[in-house]
Each structure stands twice: as C-alpha cells, then as structure tokens.
Amino acid sequence: MSTVIGIDLGTTNSCVAVVRDGKPEVLVTSEFKQTLPSVVSFDERGNISVGWAAKHQEYTNFDRTVASIKRRMGSRYRVRINGHDYSPESISAFILQRLKTDAEDRIGEVVTDAVITCPAYFTDAQRQATKDAGKIAGLNVKRIINEPTASALAYGIDCTEPQKVLVFDLGGGTFDCSILDIDEGIIEVMSTCGDNELGGNDIDNAVKDHFLAEFEEETGWNIGLNYFAVQRLIEAAEEAKIALSDAESYEVFLPFLVTRGTECRHLRTTLTRDQLEEIAQPFVDRAMDSVRRALVDAGLGPSQIDKLLLVGGSTRMPLVRRTIEGYLGVAAEEGVDPDECVALGAALQANVLEGSGDLLLLDVVPMSLGIESYGDVCVRMIERNSRIPIKCTQIFSTATDLQREAEFRVLQGESSKASLNRLIGVVTLPEIRRALHGNLIIKVSLGVDVDGIVHVEALNTETGKRVSLDIKDSMNITREELEASIKETKRREEARRFKEHWDRTFNQLEHLCTHGAKLSLLLKDKDDRKILSREVLAAQKATKGGPFSQPEVVAAACSRIFAILSSIDPDVRENRYLMY
Ligand code: AMP
C-alpha cells in the first residue's frame, strides 16, 4: 500500500508530513524548508512557480502572483492571469501538486492518497473546494479534517489523562478555536468557532497603515496608492512584527521608498513592541470573542480548560500568548511546533486510515444545517457542533395549492431567517401529485459524512420516488471547470516532465560536446574527427535558440555523438551516465 501523506494547506504557508516508523515527521520541501509559502506565480508564457520562488515575485510580478487563495475557497471568485480564469481550487491544486511532488522526492515513491486539513469553521462548499483542489492535483483525498483537530492529534498521541484542551490557531489568514475532550486516545471536538478573515496578514496591514500615516506626517506625501511602496511597507511590517516577538524595538529603513520627479523619500522609523501590541490588540480581541463563543458552545468556563495548544505562526506574538494564557489561567503547552503540528496531525490521521495507529477521531458539524420553509424560515435540522457522521429526517409538506414539484433549499448558518443563511444546494422532487397545500408528505433527510460533506435526500412518500444530492461541486466550481482544471494540471505535469527531460538532454549534450572536443584528438581517422566536430557543431547550433528550440535535432545529435564517442572511449560506452 502506498504512503498516505498529511497536508496542511494553509493560507500563508503549507506543510506536508508522513508517519515513518510510527512517528510523524515533516517532509522538507525541495528548498529544504519545513513549510512552503502558499503562493503561485505565473510568467508571461504561463510557466508556473509555487512556494518561495513565487513569493519572491509577489511584488515584482504582482499581477500574475496569487497569495492567500485559501480565503477564496468555495467561492465563485476567479483570478484572471494571462487571459485565463483560474478558480481558487485550481490555484490551490498547484500548491498541493508541488507538495505531492516534494513528498514523492523525499520518500522515493509515488504518492496518490492524502489527508488534507481545513479550518474548523470552513463551510461545506469550502471543504468540497478543498477536496476538488486535491482531485485536480491528482490526489485521492481520503479525508478532510479540521486543523485544530489535527493539531490535537499531533499532541494527543501521548495523552492518556482525561482533559479538556483548547486549540487556539491563529495563522496568516484565518483564526480557529476548538475545544476538545481528550480521553485515552479518543479526541472529541466539543465545539469550534472561528473567523475566516482574521490572521497575521491583518496585523501586517494595520502596521503598514501606521507606517503610511507616519510617512505622510513626516513628508506630507500620501503614498497609499503607490502599489510598490505599499508592498514594501507590508513586507517591512511583517518583518518588524516577527522581530518584535523577540525584541523590544525594531528599526525600519526603506531607502528610496518613493520618487517624484527628481525628489525621493526614504522611510526610517522605529517600531516598539508596545506600539505593535496597541495596533494588534483589536485583532486579538476579535479572536478572543470567538474563544468565548466556543467556550459557551462547549458549556465550559475558562477555568475548566486543562490544556492550551497554540497553533499557527501568529501565536508566536507575546501579546497573543499572554492574552489567551491570562484568560484561561493556563500556560500554553510547549513542544508543539505551531507551524508543523497541523501537518503532523494530518499525517497521523492518514496513518490511521492506512490501518495503522489506534486513534479514534470524533468530529463535529461546524455550522447548523437546515431547509428553507415558507415565509423565509430556516427549519434547522442539524445543530452546529453535532457529532459527525450524522443524519436527520424531517417531514415537510407542500406550501402552495396544486404544486407540480417540490424544491428544497439547503441552508447553512445560525439564523432562523432563511435569507440570512448561506444557500448550499437545492434538490427538486419533480412530478408530485397536484394537491391542496399541506396535503402531500415529503420526507427530507439531511446528513453529514465523516468528511463533513453534506448529503440531502427528498422522498415522495406516496410514490416512493427519491431525489438526492451530495453537496459537492455545484456551488463553487462547475463540473466542466473541474474537468478542465484536472486536464490542465495533467498537461502542465507532462510539460514539466518534458522540460525536465530536455533539460537533462541539453546538459548531457554539453557534456558530450566537451568530451567530444577532447576525444576527437584520439580519433585516428581524419574523417571520423571531421564527422565528430561536424556533429558537435550541429548540436551546438541546434541549441542556440535555447534548449527547446529544436529538441529533436538536439536528441538526434546527442545519439550520433554518443555513438561516435562510444566507439573510442569505453567510459562512454559503459557508463550510461552520458546517455539521456
Ligand atoms: P501560518 O499561517 O501558521 O503559517 O502563519 C503565518 C503567519 O504567522 C504570518 O502572518 C506570519 O507573519 C506570522 N508569524 C510567523 N512567525 C511569527 C513570529 N515569530 N511572530 C509573529 N508572527 C509570526
């Protein structure tokens, strides 16, 4: 059985891990880093780079670089690059594919299966979008699990004591708080609450606004609309923020920040930790609102939390740690790496699915689910934080006289008003008996499976006719788009392999040419020498316009040079290293 990898598909950074010899471990990327920036960049010819290479282009190639796409998952948002519309799923797929390739390189085998994590508060459409992204990347997504649950898994393997754990996960773009009940290797999610629009990036932006205001006060120049200057300020803001997790103050110097005519201005300022904390406080307060809500949902007070797990890069800020520790009255657990534990937990879950390990995972529905009823009412069928898998059935009847069909609109959200909730799918029962309203009984079942995917079924009790819907791809990405994205990814993968192959051929050709030039002296026959130098010249000429200008000519020249050199040099003949 091939290895199942665990992937933390993060807003800012992603990470991949596996379990080896019973221990979860992070697989380093091809840049030998633990995490990969979740950034995708295209050049003008459509070539794609992912990770650090893309991050470095964030502001030099800004209109072709996509970051924080996770915030758009499950929406109809499309990013237009080089005249092509990319869905959030296909951009995320580029990141997943890169993680898959890096993992394959590290473990030396083809990877097909994965467990991917998502924020606990992700809606059904967002979860499905994550699954679709995996599919586009050529992965069989065996399970989608909540990030805090994954972190607790990473932490929970050694836990035997019954305890309540609060997972506080503040990353670059999202915040999640989950309260878990852990007992003898069983982890039950008691409640989850979060904010898909809150993270370290917001703090960076607020610090950038602070720099902008300072700059304007000092120079009288408002540079808020200068894209390049603003990008540099955001980078400097993040740098300062990270430095201030250890230092008390940080010097910021951005030379030649803006030029107008012959005049230019630099930014030189100091940011102290106190100033940063004042700027960051509103964001931390927002996170704390979610913490309070999660506690209420779990029926617990702050003092009933036994352990605190900090997850996500932003929890390295002393203000964040102090605030949550102070509120709960417990010190955060040490030894859990905030950047790695989600991927490690995903790997542990993957290991369980492979049949190894003995962790049992109980998860919950992140948002309530219901059906729209007459008068803008939402009939709630599955309560938020119900344990999954779950299935509920309810009787509905027709709302108007002589109805020909019955439509059931599935809603997700906490409001009793249908219009204030999110519509996630519609099932229509056709050809029902024309009757006065309220005279026809229809049974509707709503269920959520272990992946958090919603299934709905409507049953006409008179005829036995059923219609059902798995709420998957319908809301965010069309089937055609999904198919097209899968094809596109395959095409790119083939192109990458093709390029790799020709890169190798080209290198070997260079090698052969140098070798050939030296060895030609050994050739006794003048004609042979002539043939060899003619072939070397032809090959060099064929590669003048770049290695791919005439690949077939290069390949043919390679094999002819190889044949000649083999006849005079046993090394060439015996060592296949020169062969492409
Ligand atoms: P994640 O999404 O978990 O990878 O977290 C990324 C976020 O963590 C970004 O906003 C980073 O700026 C932030 N971050 C990383 N390291 C630190 C640090 N030492 N102090 C404060 N924030 C950090």
Side-chain angles (χ1 to χ4, degrees), residues 8 10-13 68 70-71 117-123 126 146-152 155 164-180 189-210 237-238 241-242 244-245 273-298 300-305 307-333 336-339 341-342 364 366-367 384-385 414:
D8 167 13
T11 310
T12 325
N13 296 303
S68 300
K70 186 171 165 181
R71 285 190 162 179
T117 60
C118 73
Y121 213 60
F122 252 25
T123 61
Q126 290 167 308
N146 288 336
E147 287 161 10
T149 309
S151 335
Y155 161 79
K164 304 276 186 289
V165 175
L166 189 141
V167 184
F168 184 102
D169 181 353
L170 187 61
T174 51
F175 172 65
D176 279 289
C177 173
S178 293
I179 297 172
L180 311 164
V189 184
M190 298 176 79
S191 68
T192 68
C193 197
D195 190 334
N196 290 343
E197 301 283 334
L198 175 66
N201 299 347
D202 299 294
I203 299 175
D204 302 342
N205 263 314
V207 173
K208 175 258 306 174
D209 289 341
H210 166 84
E238 184 178 16
K241 177 192 74 177
I242 291 177
L244 289 172
S245 289
R273 190 186 288 175
D274 285 347
Q275 283 173 306
L276 172 69
E277 295 196 342
E278 203 182 314
I279 295 169
Q281 191 66 57
F283 301 103
V284 178
D285 289 345
R286 263 172 65 191
M288 291 308 293
D289 288 342
S290 293
V291 170
R292 279 185 276 274
R293 204 169 140 205
L295 281 166
V296 169
D297 285 350
L300 297 175
S303 60
Q304 287 170 285
I305 296 295
K307 295 229 165 95
L308 166 65
L309 298 189
L310 296 182
V311 181
S314 300
T315 59
R316 291 203 167 102
M317 286 184 78
L319 170 71
V320 172
R321 177 182 271 259
R322 218 173 49 233
T323 309
I324 182 69
E325 284 184 341
Y327 179 68
L328 298 177
V330 286
E333 288 300 296
V336 179
D337 188 308
D339 292 323
C341 63
V342 173
V364 295
M367 288 171 124
R384 183 156 68 102
N385 288 329
E414 307 312 314

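Everything numeric in this text was worked out from a predicted model, so none of it was measured. Position 1 is the first residue of the sequence, and the numbers go up from there.
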Peer 1: Going by the rule side chain to side chain contact (heavy atoms under 4.5 Å, CB included), which residues pair with Thr117 if we only count those two or more places apart in sequence or in a different chain?
Peer 2: Asp8, Ile145, Glu147, Ala150, Val342, Ala346

Peer 1: If the condition is salt bridge (Lys or Arg N to Asp or Glu O under 4.0 Å), which residues does Asp337 pass it with, not counting sequence neighbours?
Peer 2: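 Expected list: Arg316.
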
Peer 1: Could you grab the distance from atom NZ of Lys70 to atom OG1 of Thr174, nearest 0.5 Å is fine?
Peer 2: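 It comes to 5.0 Å.
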
Peer 1: When you compare the side chain of Arg273 with that of Pro318, does any pair of heavy atoms fall below 4.5 Å?
Peer 2: yes

Peer 1: For Gln281, which residues count as a side-chain hydrogen bond (donor to acceptor under 3.5 Å, both in side chains) partner, sequence neighbours excluded?
Peer 2: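 Testing Gln281 for side-chain hydrogen bond (donor to acceptor under 3.5 Å, both in side chains), a comparison that skips the adjacent residues, returns Asp285.
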
Peer 1: Applying side chain to side chain contact (heavy atoms under 4.5 Å, CB included), can you list everything that pairs with Glu333, at least two apart in sequence or on another chain?
Peer 2: Tyr155, Lys307, Leu309

Peer 1: Are Ile324 and Met288 close enough that some pair of their side-chain heavy atoms sits under 4.5 Å apart?
Peer 2: yes

Peer 1: Taking only residues two or more places apart in sequence, or in another chain, which ones meet Gln275 in a side chain to side chain contact (heavy atoms under 4.5 Å, CB included)?
Peer 2: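 Per chain and number, Gln275 pairs via side chain to side chain contact (heavy atoms under 4.5 Å, CB included) with His210, Leu271, Thr272.
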
Peer 1: Kindly write out the residues that satisfy salt bridge (Lys or Arg N to Asp or Glu O under 4.0 Å) with Glu277, not counting sequence neighbours, or none if the list is empty.
Peer 2: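 With sequence neighbours excluded, Glu277 shows a salt bridge (Lys or Arg N to Asp or Glu O under 4.0 Å) to Arg322, given in chain and number order.
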
Peer 1: What pairs with Asp195 under side-chain hydrogen bond (donor to acceptor under 3.5 Å, both in side chains), at least two apart in sequence or on another chain?
Peer 2: Arg286

Peer 1: Lys241: which residues meet the salt bridge (Lys or Arg N to Asp or Glu O under 4.0 Å) condition with it, sequence neighbours left out?
Peer 2: Asp204

Peer 1: Got a sec, which residues hit salt bridge (Lys or Arg N to Asp or Glu O under 4.0 Å) with Asp289, two or more places apart in sequence or on another chain?
Peer 2: Arg292

Peer 1: Output the distance between atom CG (Asp202) and atom CG (Leu170), rounded to the nearest 0.5 Å.
Peer 2: 9.0 Å

Peer 1: In Å and rounded to the nearest 0.5 Å, what is the CG to CG distance from Leu300 to Leu328?
Peer 2: 10.5 Å

Peer 1: Check whether any side-chain N or O of Asn201 sits under 3.5 Å from a backbone N or O of Gly172 as a donor-acceptor pair, and report yes or no.
Peer 2: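 Checked: pair present.
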
Peer 1: Which heavy atom in Ser178 sits nearest to a heavy atom in Thr192, and how many Å separate them?
Peer 2: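 Answer, listing the atom of Ser178 first, then Thr192: OG-CG2, 3.5 Å.
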
Peer 1: What residues form a side chain to side chain contact (heavy atoms under 4.5 Å, CB included) with Ala294, not counting sequence neighbours?
Peer 2: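 Only Cys177, Ile179, Ser191, Cys193 meet the side chain to side chain contact (heavy atoms under 4.5 Å, CB included) criterion with Ala294.
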
Peer 1: Among residues at least two apart in sequence or on other chains, which ones pass ring pair (Phe, Tyr, Trp, His ring centres under 6.0 Å) with Phe175?
Peer 2: Phe168

